[in-house]
2 protein chains.
Amino acid sequence: MKDGAESRRYHHGALREALLEAAEAELIEKGEDGFSLRSTAKRAGVSHAAPAHHFRDLAALLHALAARGFDRLTAVMKAEQAAAGADAAGTDDAAGQVVAAGIGYVRFAIDNPALFQLMFGGRGGGDKPAELAKAAEAGFSVLVNGVARVGGRDALTTEAGWRDVMAVWAIMHGYAHLAIGGKVAWLSDQPFEAQRAVIADQVRRALRLAEG
Amino acid sequence: MKDGAESRRYHHGALREALLEAAEAELIEKGEDGFSLRSTAKRAGVSHAAPAHHFRDLAALLHALAARGFDRLTAVMKAEQAAAGADAAGTDDAAGQVVAAGIGYVRFAIDNPALFQLMFGGRGGGDKPAELAKAAEAGFSVLVNGVARVGGRDALTTEAGWRDVMAVWAIMHGYAHLAIGGKVAWLSDQPFEAQRAVIADQVRRALRLAEG
DNA sequence: CTGCCCCCTTGTCACTGTCAAATCCGTGGT
DNA sequence: ACCACGGATTTGACAGTGACAAGGGGGCAG
């Protein structure tokens, strides 16, 4: 049997994935503090030591979870970017796409606060495996490429280009963090379009573009 | 005896402070993950249950530690600000002072990475006590007041003012986080004055000031 | 000097992450 | 069809953790 999802075979077959799923659910429910390897195992319907075969450590599990988060973050950013591109139709609104990516970034953080916090230096802090670094890098590259398309910037090699990228990144990350921390009621309360306008404004300033 | 520091009286007398001291040392040594209430108690030279009398929870201890961190962060920002004011002597370089505060912010993060991370939503996540919120607010107000002095902005009431404040905050926080994560070798490797220039440039852009 | 109250200690509990050994069961060789 | 092989999973155990309940110790008021 190739098992249609919930087969209860002894050899689970997809335990790794199931564990990650359970882990994210636990993370959302109990928060980063209350998270426990044993209870995620229980939620996945296996014994407390089962995860050991798929993840060396608790840290390894969290790292995998974070990597997954980066994958999704990257996807969200790309999606928003693509949507923005469709909006503006013909015009090469490169800046608008960077803004869109930023919106996606912040939106992801708001939608997945616990995961977002885990991704950025939460628990499981030690030695991040290469896999995680690569996933994070992928998300970052969306931003780099976006900035590179704005006004013929060479975001990859020149120092000024890097500064622009970092500035945009810092703004996105800062807003995301603010939003999660509930520090921006004035922002969160706004309709989404207003939030978009605020962030767009800031990004444009950082890139020295005319406003509006 | 009013005990000159290390008195070994049964009634410690300053256990609360000693525990916070030990806790920070432990935090630095073992990182946020390896941190343990019991071992900080041991480091402070008391039994494992002693902290309970001064901090309801592990979370409470961490909150107090974070509050302390905010106090120091505020102090650093103010100090840098004051130094910048002295530099520019007569000129009312309000923007320069905001920049200085930002520098202080990033510098603090670099100098106290573990503490900084704890302060911003690390462990002990649940219900932040009022004390902590107040300490955080104090640091924030340094920034608010600084921005308010720039170009006659009304940072406290107008929405545009808030946007400016948030933009600067986001930039500072973003850079700080980048620096901690080691993501900005290109920045960290620079001499400090170059870092200052980069951040100054960004802050000025966020406040729509002429560059340079 | 004496009693009291607060600070701290000792002891214990449920729970955590990790390791070692036993157990299960699909797979491939015959 | 059989059967051993070997990886996946379980059971069991151990040191450490945070929280709680009692007990002991000492400084300070009377």
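Chain identifiers are assigned alphabetically (A, B, ...) following the order of the sequence lines, protein sequences preceding nucleic acid strands; residue numbering begins at 1 within each chain. None of the values given here were measured: they were computed from a predicted structure.
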Starting at CZ of B/Arg38 and ending at C1' of C/dA14, how long is that distance when rounded to a whole Å?
12 Å
Closest contact, heavy atoms only, A/Arg205 versus B/Asp164:
NH1-OD1, 3.2 Å
Whole angstrom is fine here: how far is it from NZ in B/Lys42 over to C1' in D/dG18?
14 Å
Sorted by position of nearest nucleotide on DNA chain D, 5' first, the leading residue of B/Leu37 and A/His54 is A/His54
Give me the ring orientation class for A/Trp162 and A/Phe140: parallel if the planes are under 30° apart, tilted from 30 to 60°, perpendicular past 60°.
parallel
Rounded to the Å, how far apart are A/Asp57 CG and C/dC19 C1'?
12 Å
More 5' along DNA chain C: A/Ala49 or A/Ser36, using each one's nearest nucleotide?
A/Ser36
Whole angstrom is fine here: how far is it from CZ in B/Phe55 over to P in D/dA19?
13 Å
Which whole-number value in Å describes the distance from A/His53 NE2 to C/dA22 P?
15 Å
Starting from P on C/dT16, measure out to CD on A/Glu32 and report it in whole angstrom.
17 Å
I want to verify a distance call: between C/dT10, D/dA19, D/dT9, whose nearest atom is closest to the B/Ser47 side chain?
C/dT10
Using the ring of each side chain (for Trp, its six-membered ring), is A/His173 parallel, tilted or perpendicular to A/Trp169, with breaks at 30° and 60°?
parallel
What is the distance, rounded to the nearest whole Å, between atom CG of A/Leu58 and atom C1' of C/dC19?
15 Å
Please report the C-alpha distance between B/Phe120 and B/Phe70 in whole Å, then the side-chain angles of each, then the deciding distance to 0.1 Å, and finally whether the ring pair (Phe, Tyr, Trp, His ring centres under 6.0 Å) criterion is met.
CA-CA 10 Å; B/Phe120 292 98; B/Phe70 276 114; 5.5 Å; yes
Separation of C/dG26 atom P from A/Leu15 atom CG, nearest Å, is 15 Å
Quick one: does A/His48 reach the base of D/dG12 with a side-chain donor-acceptor pair under 3.5 Å?
yes
